[in-house]
Amino acid sequence: MSIVNTIKSHVTAALSALYNHPYTEKDFQINQTKPEFEGDYTIVMFSLVKSLKTSPEVIGDALGGYLVQHHPDLFSDFNIIKGFLNLSIPDTFWSNLLQENYSNAAYGHKEKNGKKVMVEYSSPNTNKPLHLGHLRNNFLGWSVAEIYKASGYDVIKSCIVNDRGIHICKSMIAWQKYANGATPQSTGIKGDHLVGDYYVRFENDLKAESQILINKINLADLTDFSGPALEKLDKLLIALTKLDEIKDEEKIAKLHDEIKELARNNTKVIAEAKQMLLDWEEGKPEVIDLWKKMNGWVYEGFDITYKRIGSDFDKIYYESNTYLLGKSIVQQGLDKNVFFKKEDGSIWIDLTADGLDEKLVQRKDGTSVYITQDIGLALQKYEEFKIDSSIYVIGNEQNYHMKVLQLICKKLGMPNADNILHLSYGMVELTTGKMKSREGTVVDADDLVDEMIATSQRLTEELGKVKDFTEAELRDLYETIGLGAMKFYLLRVDPKKTMVFNPEESIDFHGFTGPFVQYTHARIKSILRKEPIISQNPIDATDLLKLEKDVVVLLEQYPDAIEQACSEHNPSVIAMYVFNLAKTFNSFYVEHSIANAESDEKKQLRLQLAVMTANVLKSGMELMGIKVPERM
RNA sequence: GACUUGGUAGCUCAGCUGGAUAGAGCAUCAGCCUUCUAAGCUGAGGGUCAUUGGUUCGAAUCCAAUCCAGGUCACCA
């Protein structure tokens, strides 16, 4: 149990002994004592003052006295300032903690709890290469999975590959038209990038063709439109003329967007793509062959990227296999009266009672929609792995969709539906605006990785500390540092929040960064190579210096940090913890020598301190998928 | 319009289950390498915690309203 929790339970026990009052741990607060006051942990007594109607001095005196008397091993002294009771923890407590845990590589990790959780992350589309936003997703998913493992869970990392649909057809059509049979081999372009290039090519064609349509619409030429599209266009145009008089610019812009969308959907190229999707669904051999060929290129490209960034999966689902999954569930839902059928044959669920809308689950033509597949897959995951909970790492733009999914699963009475959790993360935006694949304003994942590794190489060469490394060792080190900087950068902020990336400035290698933590680790290792710990005997209790104690106090908090990161699904807790520990150790390091300590006992104690710090830094960084080098 | 998330230093972010003088990093400025790796350390300047009102011993934190920004509200995925 952590010291904070130990203190809490002692305080509750003391309060009920002293005042015969059923207090719980929620009736008072406990904080770390501010550095300007004497003591280590502080009980905030204002709430007690109120309920006991006694002055803080009297309560503090009684409580502090009781604690020191009954637990002298844990509390050495106390003082009261205003409503704050500051408790001092004896140095023996801290040196014992160090003694017992310094060489424990699994420190902070929990015993297996027998529960199984699936983390689904990454989930790429096979029509374009990965970008910075995908990297955030990948690092988050991977890290959360590791944090769950450290918390005692069995974890299955999964990925659903979005390998079918109209967006894939777009790349295929452009390739057919323009590529002249170009392949990754013939062009030397990485497969995912090659396919992505043709996706962009298609989008450009689409843009050009729809612009022509819009120009004609503006000249009141509607000859390209017919049927329902024409009707809708007419309506929009009439609405527009009315609005022009009112001058509501927001609504006018919205109408223009709708017209634009209508024009896009009325282009020949979109018609081709739609036809290709139908052909795909019918299994037309030449379409299937092309689809397999191009997807194969993308997978080859993704494999390279995943390998570089250290993403891996225990189970990969392909949407081409799962997109029909939810069908049988639709019938079950109808039988259970969870779903209902409209006159046109389409099937819906009514979520208005839950504050949401009616949601379509099957089209009138009997084909399933996105959410249907998701329900099917959710059920399959459970049946296949008997998981206790399921975590989806998906961007916050899908908050509504995921809410609906959770609700439907619950209403269908799916097992563990309450344990479906959407780990919703914010977009990565650029200082120059948003990233949009269609417009080519994306930071490409491969480019960024290359850049990070190149920067780490440059900096390492400038410093010239590892000139004796072999070529292979150097390459390894550059990757370790470059990727460390990048992963740390993306994981150090709260996942929920939108974050801003400045493509003009490269990611830093100083301060609150991965390399800073890696460097602290390498420096400790350097000492330990020269000063192996010899003595296995317990160290005589010595007085701890302030800087020594600062480090141990932080080390004690590592298990709490993991616990918090797990319950909040938030690796940034670990990033901040590990940075704090490194920083605190560095302050100690410059002030006090380990090799030339004042006494043998001091030297042993500081060596233990160094060993344990290195262990925890390594362990914490591993939870984020970041390696720590022995030298750098 | 409805729902939802956010607004803290020049920039990027912590702190938000109410507690002592609001913290980091970057950037700026001033120092520290004959002693364990200077990707480091020490210090300085820099804040109307979006605004207004409320709750109370105490509010960046809770509540309400307003302003600003993002997201969602498809028989797309």
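Each chain gets a letter, A, B and so on, in the order its sequence line appears, and its residues count up from 1.
With contacts defined as side-chain heavy-atom distances shorter than 4.5 Å, the pair Tyr392(A)/Leu421(A) does not qualify. When side chains are defined from C-beta on, Ile574(A) does not count as touching Gln564(A), because their heavy atoms never get closer than 4.5 Å. Residues Leu262(A) and Glu258(A) form no side-chain contact, since every pair of their non-hydrogen atoms from C-beta on lies 4.5 Å or further apart. The shortest distance between side-chain heavy atoms of Lys327(A) and Gln373(A) does not fall below 4.5 Å. In this structure the side chain of Thr42(A) never reaches within 4.5 angstrom of the side chain of Ile30(A), judged on heavy atoms.
Residue Gln29(A) is in base contact, counting any heavy-atom pair closer than 4.0 Å across all strands shown. Thr460(A) comes within 4.0 angstrom of a nucleotide base, judged by non-hydrogen atoms across all strands. Residue-level contact check: Val44(A) touches the bases, meaning some heavy atom is under 4.0 Å from a base atom. Asn399(A) comes within 4.0 angstrom of nothing in the nucleic acid, heavy atoms only. Base contact: Lys364(A) has a heavy atom under 4.0 Å from a base atom. Among the heavy atoms of the strands, none lies under 4.0 Å from His521(A).
Ring pair Phe516(A)/Phe579(A): centre-to-centre distance below 6.0 Å.
Stacking between Phe579(A) and rA24(B) is absent: the ring centroid is not both under 5.5 Å from the six-membered base ring centre and under 30° in plane angle. Residue Tyr519(A) and nucleotide rG40(B) are not classified as a stacked aromatic pair, given the requirement of ring centres less than 5.5 Å apart at an interplanar angle below 30°. Stacking annotation: Phe46(A) is stacked on the base of rG19(B) (ring centroids less than 5.5 angstrom apart, interplanar angle below 30 degrees).
The shortest heavy-atom contact between Ile329(A) and Gly376(A) is CD1-CA, 3.6 Å.
Listed pair Arg523(A) / rA38(B) meets the phosphate criterion, a side-chain N or O lying under 4.0 Å from OP1 or OP2. The side chain of Lys497(A) contributes no N or O atom lying less than 4.0 Å from OP1 or OP2 of rG70(B).
Computed from coordinates, the Glu25(A) CD to rU17(B) P distance equals 18 Å when rounded to whole Å. Atom OH in Tyr370(A) sits roughly 12 Å away from atom P in rC73(B) (whole-Å rounding).
Less than 4.0 Å separates RNA chain B from at least one heavy atom of each of the following residues of residues 580-588 of chain A: Lys583(A), Asn586(A), Ser587(A).
Along RNA chain B, the nucleotide nearest Phe512(A) and the nucleotide nearest Gln564(A) are compared for position; the residue whose nucleotide lies closer to the 5' end is Gln564(A). Closest-nucleotide positions on RNA chain B for His401(A) and Met499(A) were compared, and the one nearer the 5' end corresponds to Met499(A).
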- Intra- and inter-strand pairs of RNA chain B in dot-bracket (Watson-Crick or G-U wobble, both distances under 3.5 Å; | for another strand): ((((((((.[[[[.)...(...]]]].(((((.......))))).....[[[[[..)....]]]]])))))))....
Solution key, residues 499-508 of chain A side-chain donor-acceptor pairs under 3.5 Å, sequence neighbours excluded:
| from | atom 1 | to | atom 2 | distance (Å) |
| --- | --- | --- | --- | --- |
| Asn502(A) | OD1 | Thr431(A) | OG1 | 3.2 |
| Asn502(A) | OD1 | Glu504(A) | N | 2.9 |
| Asn502(A) | ND2 | Glu505(A) | OE2 | 3.3 |
| Asp508(A) | OD1 | His510(A) | N | 3.0 |

